[in-house]
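Down below is the structure, laid out as structure tokens.
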Amino acid sequence: MSKVYTDAKAALAGVLKDGMTIMAGGFGLCGVAETLVEAIREAGVKDLTVISNNAGVDGIHLGKLLETRQIKKMISSYVGENKLFAQQYLSGELELEFNPQGTLAERIRAGGAGIPAFFTATGVGTLVSEGKEIREFPNDPHFKGRKYVMETGLWADVALVHAWKGDTEGNLVYRKTARNFNPMMATAATVTIAEVEHLFPAGEIDPDNIHTPGIYVKRIVHVPNAPKRIENRTTRPHPAPQH
Amino acid sequence: MAWSREEMAARAAKELKDGFYVNLGIGIPTLVSNFIPAGMSVQLQSENGMMGMGPFPYEGEEDPDLINAGKQTVTELPTTSYFSSADSFAMIRGGHIDLSILGAMQVAQNGDLANWMIPGKMVKGMGGAMDLVAGVKKVVVVMEHEAKGESKLLKACTLPLTGAGVVDMVVTDLGVFSIDRTGREPMRLLELAPGVTLEEITSKTEADFVSAL
């Protein structure tokens, strides 16, 4: 059974439905599955809950699903770069659940590892911990003396991840800081779909260097010309030539 | 003469020690990287998944796959490693990072910190700030002493908290304060910026503090 699909539309066929929960990898616009998200826009499914650290920027990536009002709820840690998001949120069209970034990452990791809940010090004494179970561990030599809040694991119907290299078995390798949320999201969904910049036959990627084992990846699509965008281009001047 | 942004960053940089792993927030804290003493090994963590963050790239050498937590293009160093967001926050929440330097809207004398949300205004989100202040060994806030003529150093924060009892030190344009997270000791004034008097800083500080000058 081949995991390789001809394009993003084919890779999403049969898994999309209104009201579903989708995880979308990436940090800002770095390491995002933009081709797969574009195919979701074209498919037109709506009332989506999207779990993603950020919400894209206006007109790009998840920003496009906001334009078409396909997103009902976002679970994110930071959504600062999106005016349309602010509008829809303030008008009550869009639900928003903020999670501390590390809590979001760990909730996804836990979900993928079959862990329904865990305790963390992050957010104790803030709005984030309101209404949640607080525990202390006074008998533990390492964890005694602090309060911890219970957070739950996350699971999605579909996870959309972006990798640098992939093979026909679904093994994935990410590049530099484009790794971010992709490896955890790959483990925490019923169907994980990966778009890869370079697709190889199984056996061509050194098994010691694989970040996501293929067991987690159900479908894979080759995107040799995926857009790569820079949100904040920052540079320094070249050093003056030596005479 | 109150301290400039650069001088505040330079003062915060005195908290760096050889061998430290450090996370710097956006704004004045980012400037601290310009004041790492020569010969001192300080590795900068970027919470999107990088340890050993290098300077901005030369023009034409930007890599869209290599950014910091402010989404700015950066470079790698011989010490660099990359990891997932879960590993990055395991590092932060597990107490492996020595120092976090970040900005604030308000700090209270008991170490409470508010820097992510103003009710009624559009909230951008807390990002990694709640994880950093809950997990990093030492937390230093660098901020202007006042905003629109109001003290930002308070008896109690009025804005929603980022963390409760999490700040160890505050560097403002007027001086430096230490805070005992356990609340056993009062907030202490450690230093004044040049030309700033005890009377001036006292009149501009709502929080209670004792002078250790």
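Proteins come first, then strands; the chains are lettered A, B, ... in the order of their sequence lines, and each starts at number 1.
Between chain A and the residues B:Glu59, B:Met117, B:Glu61, the largest count of heavy-atom pairs under 4.5 Å involves B:Glu59. If you tally non-hydrogen atom pairs under 4.5 Å between each of B:Pro64, B:Gly49, B:Ala164 and chain A, the highest count goes to B:Pro64. Note: A:Thr103 leads A:Leu127, A:Thr103, A:Val124 in heavy-atom pairs under 4.5 Å with chain B. Taking chain A as the reference chain and counting heavy-atom pairs below 4.5 Å, the highest number among B:Asp87, B:Asp65, B:Leu161 is found for B:Asp65. Of the listed residues A:Cys30, A:Gly125, A:Ala121, the one with more heavy-atom pairs under 4.5 angstrom with chain B than any other is A:Cys30. Contact count against chain A (heavy-atom pairs under 4.5 Å) is highest for B:Pro55 among B:Gly95, B:Ser88, B:Pro55.
When heavy atoms are compared at a cutoff of 4.5 Å, B:Asp112 does not approach chain A at all. When heavy atoms are compared at a cutoff of 4.5 Å, A:Pro237 approaches chain B solely by way of its backbone atoms N, CA, C and O. When heavy atoms are compared at a cutoff of 4.5 Å, B:Ala69 approaches chain A by way of both its backbone and its side chain. At a 4.5 Å heavy-atom cutoff, B:Ile92 makes no contact with chain A through either its backbone or its side chain. Looking at A:Asn54, the atoms closer than 4.5 Å to chain B (heavy atoms on both sides) all sit in the side chain, from C-beta outward. Neither the backbone nor the side chain of A:Tyr174 has a heavy atom closer than 4.5 Å to any heavy atom of chain B. Residue contact with chain B, scored on non-hydrogen atoms closer than 4.5 Å, involves the backbone and the side chain of A:Arg233 alike. For a residue to count as touching a neighbouring chain, one of its non-hydrogen atoms must lie under 4.5 Å from one of that chain's; by this rule B:Val123 touches chain A with backbone and side chain alike.
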Stepwise side-chain contact (heavy atoms from CB on, under 4.5 Å) check, A:Arg175 with B:Tyr82 = CA-CA 9 Å; A:Arg175 185 170 177 273; B:Tyr82 299 111; over 6 Å; no
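The CG atom of B:Asn48 lies 9.0 Å from the CG atom of A:Asn53; values are rounded to the nearest 0.5 Å. Here the CE-CG distance, from B:Met130 to A:Asn99, works out to 10.0 Å after rounding to the nearest 0.5 Å.
Considering all non-hydrogen atoms of both residues, B:Thr162 and A:Thr126 come closest at O-CG2, 3.5 Å. Here the shortest heavy-atom pairing between A:Met184 and B:Ser85 reads CE-CB, 3.7 Å. Minimum heavy-atom separation, B:Leu66 to A:Thr177: CA-OG1, 3.4 Å. In terms of heavy atoms, B:Ser84 sits closest to A:Arg179 at N-CD, 3.8 Å. Across all non-hydrogen atoms, the minimal contact from A:Phe27 to B:Asn68 is CE2-O, 4.0 Å.
Remark: A:Lys228 does not engage B:Asp63 in a salt bridge, criterion side-chain N to carboxylate O under 4.0 Å. We find that B:Arg93 and A:Glu106 are not joined by a salt bridge, their nearest charged nitrogen and carboxylate oxygen being 4.0 Å or further apart.
Residues A:Lys176 and B:Glu76 form a side-chain contact, since some pair of their non-hydrogen atoms from C-beta on lies under 4.5 Å apart. Considering only heavy atoms from C-beta on, B:Pro57 stays 4.5 Å or farther from A:Arg236 through its side chain. Between A:Val128 and B:Met126, some side-chain heavy-atom pair lies under the 4.5 Å cut-off.
Counting only N and O atoms by type, the side chains of A:Thr122 and B:Asp131 include a donor and acceptor under 3.5 Å apart.
Between B:Tyr58 and A:His238, the ring planes are parallel. Angles under 30° get that label, and only those over 60° would be called perpendicular.
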